[in-house]
Amino acid sequence: MPYTLRVYDTLTKTKQVFRPVTPGRVGIYLCGPTVYDKAHIGHMVGPVIFDAIKRYLVYCGYQVTWVVNITDVDDKLIQKAKQRGISMAQVAQENTEDYLANLRGLGVDQIDQMPKATEHIEEIVRFIQDLIDRGFAYHSDGDVFFDVAKDVNYGKLSNRSADSQQGEGGEAAVKKRSPGDFALWKAAKPDEPAWDSPWGPGRPGWHIECSAMSRRILGKTFDIHGGGLDLVFPHHENEIAQSECCHGQPMVNYWMHNGLMRAGAGGKMGGRGEREAPQATIDTKISRSKGAGGLADLIAEHGGHTLRFFLLRTHYRSTIVFGPEGLAEATTALEAFTRYFERYERITGQSFYDVTPVQRRQDGDQRTDSDGSPHELLAEVARRRDAYLAKMDDDFNTGAAISELFELLRSLNKFIDQHDLDDPAAREQDLLRTLQRATVTLRELTWLLGLFCSAPDDQAAAQDSFVEPLLALLVDLRTQSRQRKDFATADQIRQRLSELGITLEDRKDGTVWRLP
RNA sequence: GGCGCCGUGGCCAAGUGGCUUAAGGCAGCGGAUUGCAAAUCCGCCAUCGGGGGUUCGAAUCCCCCCGGCGCCUCCA
């Protein structure tokens with residue numbers, strides 16, 4: 001391969017050349033949600049970036065298996081179920097459905113498997129028994145704990161020493177040998193959901209499900225393990241401890257952690273509604289305790305494309321400040337693309353969304369004109385494409401790659417301007433063909449990020465109603481005024497529409513209108 | 001207290017030793033285009049929190065300071 005993929009690895013704190021365990025194949029495990037409450041935008045950072053990463057790896061020719069787990073048994077789920085007087089399974093199901101719907105809303109459609117902890121209890125029990133047999137875990141009055149002191153490598157991911165850990169206090173602490181020990185299995189209290197085990201009825205502790213399920217699906221050593229930065233400790237640290245002590249081999253070759261999201265000044269995570277307290281901005285961290293839950297509203301209000309673009313605009317390891325200003329800017333920036341799509345369709349008669357993207361990476365592809373000679377535009381486009389790919393190769397720098405998208409857009413618009421393709425009379429077949437071929441690359445590169453994959457349906461409402469014929473009428477009247485040089489009337493129509501948020505653009509091939 | 005991150009133009013944001021004479025976006029200004037607009041194109045708009053050091057060369061490495069933030073307890 002003429003290119004080299006580099007991935008930042010949290011364990012070594014360096015960018016590493018990417019080499020899969022099995023040539024040609026990649027296994028990715030991303031820590032999904034514990035489904036005790038509705039999803040919020042912060043939960044989507046990982047899924048969106050990994051969705052783009054999977055697309056990219058597939059584009060580069062890898063056969064990728066991407067797993068996102070659902071943790072559907074946990075103290076918080078139990079607590080929630082009690083509060084609401086429903087079963088834990090119901091709580092889990094509701095919130096899982098909410099999570100899935102939001103993933104769809106953001107165009108995350110590359111996940112291959114979404115295993116649930118409760119469906120892997122046997123595997124989990126087996127895993128725990130193995131750890132006990134190997135002397136890394138101990139049974140204590142119905143609970144099973146991982147014995148941190150037995151793991152000489154404990155703390156390597158988060159750079160902590162085992163004995164400096166406080167561990168959770170409370171009643172469990174009494175049963176532990178050391179405060180840093182963590183539960184693999186928790187004995188069931190009355191009224192709690194429980195499964196049989198060699199240690200009595202109980203349920204898995206947090207962490208163990210990921211070790212068990214990743215092994216089951218991806219193997220003892222797999223390529224990429226992802227999650228939010230907040231999971232480095234204790235979750236991933238404990239996963240490594242469990243898996244590596246159990247298997248005696250590395251669990252993961254590349255640990256990838258996305259940055260966390262923060263609410264910007266005045267930002268509200270849930271979309272509508274007042275903030276709970278005037279002081280809410282003091283705690284700018286986005287946490288589930290802040291009464292999030294309006295992600296569906298957020299998607300409905302701003303559109304999945306915009307949110308996805310907003311997330312991809314910032315490097316995945318950085319903190320993303322989420323707020324209305326950033327969202328508004330993303331919306332504006334994105335409109336340049338949709339305007340191009342409309343322009344492209346007017347000129348070629350083909351919808352951008354119907355353009356078939358190139359699905360496989362081909363660096364340095366020399367595209368030529370129909371007569372076989374290299375075309376200036378196509379050469380320029382190929383350069384942009386290579387620059388884009390180089391940025392993606394460098395730890396999936398989507399923000400930098402997006403800058404090439406804007407450059408590409410400029411090249412395309414410039415070509416149209418230079419050849420006056422807005423004028424139907426100037427539309428020679430060769431020029432149109434070149435434009436179409438160049439646009440394939442824009443399609444290819446936006447597709448890779450999962451942007452503009454399908455036509456937005458937000459205009460559908462307007463088209464179903466009176467809006468379209470009404471606007472057609474006004475535009476016709478205005479066009480007639482302009483032909484009569486009655487600009488006062490024409491401008492009045494445009495002005496009044498503008499006050500309604502409707503923009504008119506007079507182009508060589510007619511007047512087009514745009515809703516707010 | 002321990003571990004770690006960040007501070008780039010008015011705002012957002014790439015870049016982390018020379019190939020960047022600091023990408024891209026938003027906003028702004030000037031021009032082309034337009035009946036006028038809108039859109040589009042062209043041009044303009046930063047020496048990288050402060051100080052010191054290493055180096056032939058630093059936004060990029062080291063030290064100190066100032067200012068933000070995260071984790072160490074549940075969190076994507």
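Letters A, B, ... are given to chains in the order of the sequence lines, protein chains preceding strands, and every chain is numbered from 1.
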Under 4.0 angstrom between Arg313(A) side-chain N/O and C12(B) OP1 or OP2:
no
Closest approach to the side chain of Phe233(A), judged atom by atom: which nucleotide of C26(B), U40(B), C72(B) is it?
C72(B)
On RNA chain B, compare the nucleotides closest to His315(A) and Ser411(A); which residue's is nearer the 5' end?
His315(A)
Flag the pair His43(A) / Tyr99(A) as yes when their ring centroid distance falls below 6.0 Å, and as no otherwise.
no
Using the C1' atom as the reference point in each nucleotide, state the distance between G51(B) and C71(B) in Å, no decimals.
30 Å
Ala400(A) side chain, from C-beta outward: closest of A23(B), U16(B), C12(B):
A23(B)
With a 4.0 Å cut-off on heavy atoms, is Glu407(A) in touch with a base, just the backbone sugar-phosphate, or nothing at all?
sugar-phosphate
For Arg507(A) and Gly227(A), take the nucleotide of RNA chain B holding the closest heavy atom to each; which residue's nucleotide lies nearer the 5' end?
Arg507(A)
What about Arg482(A), does its side chain sit under 3.5 Å from the base of G35(B) through a donor-acceptor pair?
yes
Value in whole Å for how far the P atom of A14(B) lies from CG of Leu405(A)
16 Å
Round to the nearest Å and state the distance from Gln79(A) atom CD to C74(B) atom P.
13 Å
Nearest-angstrom distance, P atom, U47(B) to C11(B):
14 Å
Are the ring centres of His225(A) and Tyr254(A) closer than 6.0 Å?
no
More than 12 heavy atoms of other residues, nucleotides or ligands under 6.0 Å from CD of Glu428(A): yes or no?
no
Nearest-Å distance once atom P is located in both C44(B) and A23(B):
11 Å
Name the pairing partner of A32(B), where a pair is Watson-Crick or G-U wobble with both distances under 3.5 Å, or state none.
U40(B)
Separation of atom OH in Tyr154(A) from atom P in C72(B), rounded to whole Å
12 Å
Does Lys13(A) have more than 12 heavy atoms from other residues, nucleotides or ligands lying within 6.0 Å of its NZ?
yes
Among Thr446(A), Leu334(A), Leu405(A), Thr398(A), whose side chain to side chain contact (heavy atoms under 4.5 Å, CB included) with Phe309(A) holds?
Leu334(A)
In whole Å, I'd like the distance from the CZ atom of Arg383(A) to the P atom of C19(B).
19 Å
Between C65(B) and A59(B), how many Å separate the two P atoms, rounded to a whole number?
23 Å
Searching all strands shown, indicate the nucleotide that pairs with C69(B) (Watson-Crick or G-U wobble; both distances under 3.5 Å).
G4(B)
Is any side-chain N or O of Glu329(A) under 3.5 Å from a base N or O of G25(B), one able to act as donor and the other as acceptor?
yes
Rounded off to whole Å, could you give me the CG-to-C1' distance for the Leu334(A) and C12(B) pair?
15 Å
Sugar-phosphate, base or nothing in reach of Asn397(A), heavy atoms under 4.0 Å
sugar-phosphate
Using the C1' atom on both, measure C66(B) against G49(B) and round to a whole Å.
8 Å
In whole Å, measure the gap between the P atoms of G24(B) and C41(B) for me.
13 Å
Distance check needed: C36(B) P versus Asp486(A) CG, whole Å only.
16 Å
Counting the atoms with a prime plus P, OP1 and OP2 as sugar-phosphate, which does Ser498(A) contact under 4.0 Å by heavy atoms, base, sugar-phosphate, or nothing?
nothing
Check every strand shown and say whether Arg478(A) touches a base, only sugar-phosphate, or nothing at a heavy-atom separation below 4.0 Å.
base
Proximal nucleotide (of C41(B), G35(B), A38(B)) relative to the Ala490(A) side chain:
G35(B)
Given G2(B), A38(B), U40(B), which nucleotide is nearest the side-chain atoms of Arg160(A)?
G2(B)
Whole angstrom is fine here: how far is it from OH in Tyr316(A) over to P in A14(B)?
13 Å
Identify whether the distance between the nearest side-chain nitrogen and carboxylate oxygen of Asp143(A) and Lys176(A) falls below 4.0 Å.
no
Quick one: label Arg317(A) by what it contacts on the DNA or RNA (base, sugar-phosphate, nothing), any heavy atom closer than 4.0 Å.
nothing
Once you apply a heavy-atom cut-off of 4.0 Å, does Asn159(A) come out as touching a base, just sugar-phosphate, or nothing?
sugar-phosphate
When rounded to the nearest Å, what value does the distance between P atoms of U54(B) and U60(B) take?
15 Å
Tell me which nucleotide, if any, is Watson-Crick or G-U wobble paired with C45(B) when both distances must be under 3.5 Å.
none
Near-ring test His419(A)/Phe415(A), centroid separation under 6.0 angstrom
yes
Would you say Thr398(A) places a side-chain N or O within less than 4.0 Å of OP1 or OP2 belonging to A13(B)?
no
Tell me which nucleotide among A39(B), G35(B), C26(B) gets nearest to the side chain of Phe487(A).
G35(B)
Pairing partner (Watson-Crick or G-U wobble, both distances under 3.5 angstrom) of C26(B)
G10(B)
Please name the residue in the list Leu295(A), Leu298(A), Leu307(A) that meets the side chain to side chain contact (heavy atoms under 4.5 Å, CB included) test with Met44(A).
Leu295(A)
When the P atoms of A39(B) and G28(B) are compared, how many Å lie between them, rounded to an integer?
10 Å
Checking all strands, does Arg494(A) fall into the base, sugar-phosphate, or nothing category for heavy-atom contacts under 4.0 angstrom?
base
Decide yes or no, distance alone: a donor-acceptor N/O pair under 3.5 angstrom between the base of C36(B) and the side-chain of Asp506(A).
yes
At under 4.0 Å, does any side-chain N or O of Lys414(A) touch on OP1 or OP2 of C42(B)?
yes
With a non-hydrogen cut-off below 4.0 angstrom, is Asn413(A) in contact with a base, only sugar-phosphate, or nothing?
sugar-phosphate
Could you tell me whether Phe310(A) and Phe322(A) have their ring centroids closer than 6.0 angstrom?
yes
Quick check, does Phe406(A) stack with G25(B)? I mean ring centres under 5.5 Å and planes off by under 30°.
no
Checking base pairs now: Watson-Crick or wobble, both atom distances under 3.5 Å. What partners U20(B)?
none
Side chain of Lys76(A), base of C74(B): donor and acceptor closer than 3.5 Å?
yes
Could you tell me how far apart Asp491(A) (CG) and A38(B) (C1') are, to the nearest whole angstrom?
12 Å
Is there a side-chain polar atom (N or O) of Arg410(A) under 4.0 Å from OP1 or OP2 of C42(B)?
yes
